[in-house]
Amino acid sequence: MRYITRTVWILSLVSLFTDMASEMLYPIMPIYLKTIGFSVVLIGILEGIAEAVAGLSKGYFGKLSDNRGKRAPFVQLGYTFSALSKPLMALFVYPLWIFFARTLDRLGKGIRTGARDALLSDESTPQTKGRVFGLHRGMDTLGAVIGPLLALLFLHFYPGHYKVLFFVAFIPGLMAIFTTLFIKDKPAKEQEVIAKIKTGSFFSFLKYWKTSPAAYRKLVIGLLFFALFNSSDVFLLLKAKEAGLGDTAVIGVYIFYNLIFALFSFPLGVLADKIGLKRIFIGGLLCFAAVYFGMSISRHLYAIGALFFLYGIYAAATEGVSKAWISNISDQKDTATAIGTYTGFQSLCTMLASVITGFVWYRFGAVATFMLSGGAALLAAGYFMLVKLTR
């Protein structure tokens, strides 16, 4: 484990604390918003605006981090914004205030993502990036296991106390803020030169697409095509609910999926370093296809449990691996811009994917919806098998 540096451990702990805070609120967020007068349409608009802010800001702040040669300030500010948004959601119930607090959370994600992933890339070599990104992703997802469990425990003893839960979620958020103070930037050889580069407009990061390596563009095209059919996990949970699972069982399989995701992220990252990031990623896409084809026909509890296990394997094989892959293909001085640009477009594609999935489900039914997503994953896997992505 010598290749796991102090900075990697710190970033992994910060992500664990932050995801604990966020996922404590994830199961109850729609319920809470409805209790303060939000309609389903208003909830949809809220989430759409918040995700759009996160998506667009990732590219801008990633480029800003590269231009200034700094990582730590962006990571610290981003996690601070996300932590502060938790109690703000409970202070007032005015729609405009809720929009502000939720957008602040997503803006924090946009500020930190590119710089944080660039730090992870700087702390690894091309031979260890799979395991470094895998460990970070695994720790992040472990927070998504602990958070909902703590929320269920709290609501068991204090049912309906949703506002209090927002303040409770601020505790791991504060732990995340404190931990970020130990992150330090490394002196960069080109830092003085990079700092003089003009920052540019909010959308200036889009220019990177033209100047980026051809391999980067080929990789991102394939990733974004898949993202257009990779909708929110809510649809999988809805299908599980339709198959007859109760509310507790639905939350249970969601926690189970995150647990598998967390446990397998690091081992699959190690394997990716040994046999190739591309092979592991393609394997993940095949798992995704199997899950979606299976969910279109499965109605038995054990079958659904097995599919959520496989879904956890898919996530572990693709989430961290895709960022490690991008960081290997892009130039070191542009790592935050490259990852920020990709994750920004990915957020927008995920929004579109949920709209597409919702429309297909409404118009043609759940079976057609899951068959479409599974087929798209197979097409994406075929694309990556055929295209050459070396520099």
(request) Could you tell me the separation between the CD atom of Glu23 and the CD1 atom of Ile146, rounded to the nearest 0.5 Å? (result) 11.5 Å
(message) I'd like to check the ring-ring contact (aromatic ring centres under 6.0 Å, His included) partners of Phe359; sequence neighbours left out, ordered by chain and number.
(response) none
(request) Look at the side chain of Asp105 and the backbone N and O of Ser85, then say whether any donor-acceptor pair between them is shorter than 3.5 Å. (result) no
(message) Using side-chain heavy atoms (C-beta onward) and a distance below 4.5 Å, is Val360 in contact with Phe229?
(response) no
(message) Applying salt bridge (Lys or Arg N to Asp or Glu O under 4.0 Å) as the test, list every pair that has at least one member in residues 138-162; sequence neighbours left out.
(response) Arg137-Asp140
(message) Under the rule for side-chain hydrogen bond (donor to acceptor under 3.5 Å, both in side chains), what residues qualify as partners of Asp19, not counting sequence neighbours?
(response) none
(request) Could you tell me whether a side-chain N or O of Ser265 sits under 3.5 Å from a main-chain N or O of Phe261, the two making a donor and an acceptor? (result) yes
(message) Show the nearest heavy-atom pair for residues Val145 and Leu259, with the distance to one decimal.
(response) CG2-N, 3.3 Å
(request) Heavy atoms only: give me the nearest Lys323-Ile339 pair and the separation to one decimal. (result) O-CD1, 4.1 Å
(message) With ring-ring contact (aromatic ring centres under 6.0 Å, His included) as the rule and sequence neighbours excluded, what pairs involving residues 278-299 come up?
(response) Phe226-Phe288, Phe281-Trp325, Phe281-Phe384, Phe288-Tyr292, Phe288-Tyr314, Tyr292-Phe370
(request) Check whether any side-chain heavy atom of Met385 sits under 4.5 Å from a side-chain heavy atom of Ile282, and report yes or no. (result) yes
(message) Checking Phe264 now: which residues fulfil side-chain contact (heavy atoms from CB on, under 4.5 Å) with it, not counting sequence neighbours?
(response) Ile260, Leu268, Phe309, Ile313, Ala316
(message) Could you check whether any side-chain heavy atom of Leu223 comes within less than 4.5 Å of a side-chain heavy atom of Phe345, counting everything from C-beta outward?
(response) no
(message) I'd like to know if the side chain of Arg112 pairs up with that of Thr180 as donor and acceptor (distance under 3.5 Å, no hydrogens or angles considered).
(response) no
(request) Measure the spacing between CD of Gln76 and CD1 of Ile183 and express it to the nearest 0.5 Å. (result) 6.0 Å
(request) Could you tell me whether the side chain of Ile326 reaches within less than 4.5 Å of the side chain of Tyr216, counting heavy atoms only? (result) yes
(message) If you count heavy atoms of other groups shown closer than 6.0 angstrom to CZ of Phe167, is the number above 12?
(response) yes
(request) For Thr103, enumerate each residue passing the side-chain hydrogen bond (donor to acceptor under 3.5 Å, both in side chains) test, keeping only those at least two apart in sequence or located in another chain. (result) none
(message) Once ring-ring contact (aromatic ring centres under 6.0 Å, His included) is applied, do any residues pair with Tyr302, and if so which ones, sequence neighbours excluded?
(response) His300
(message) Under 4.5 Å between side-chain heavy atoms, counting indirect links through other Ile/Leu/Val/Met/Phe/Trp/Tyr residues: same cluster for Ile36 and Tyr162 or not?
(response) yes
(message) What I'd like to find out is whether the side chain of Trp9 reaches to under 4.5 Å of the side chain of Arg6, using heavy atoms alone.
(response) no
(message) Is any side-chain heavy atom of Thr179 closer than 4.5 Å to one of Ile10?
(response) yes
(message) Test of understanding: clusters of I, L, V, M, F, W, Y form through side-chain heavy atoms closer than 4.5 Å, transitively. Do Val164 and Leu153 belong to the same one?
(response) yes
(message) Applying salt bridge (charged side-chain N to carboxylate O under 4.0 Å, His left out), can you list everything that pairs with Lys129, at least two apart in sequence or on another chain?
(response) none
(request) For Tyr383, enumerate each residue passing the side-chain contact (heavy atoms from CB on, under 4.5 Å) test, keeping only those at least two apart in sequence or located in another chain. (result) Lys218, Ile221, Val387
(request) Measure the CG-CG distance between Leu277 and Leu271 for me, rounded to the nearest 0.5 Å. (result) 10.5 Å
(message) A side-chain contact here means heavy atoms from C-beta on lying under 4.5 Å apart; do Asn258 and Phe308 qualify?
(response) no
(message) Main chain of Phe61, side chain of Ser65: is a donor-acceptor contact present, judged purely on distance under 3.5 Å?
(response) no
(request) Determine whether Ser296 and Met371 make a side-chain contact, defined as any pair of heavy atoms from C-beta on separated by less than 4.5 Å. (result) yes
(message) Restricting to salt bridge (charged side-chain N to carboxylate O under 4.0 Å, His left out), what partner residues turn up for Arg116, sequence neighbours left out?
(response) none
(message) The criterion is side-chain contact (heavy atoms from CB on, under 4.5 Å); which residues satisfy it with Ile177, sequence neighbours excluded?
(response) Thr80, Ala83, Leu174
(request) Please list all pairs passing the ring-ring contact (aromatic ring centres under 6.0 Å, His included) test where one or both residues lie in residues 73-96, with sequence neighbours left out. (result) Phe92-Trp97
(message) On a heavy-atom basis, which atom in Asp273 and which in Gly130 lie closest, and how many Å separate them?
(response) OD1-N, 2.8 Å
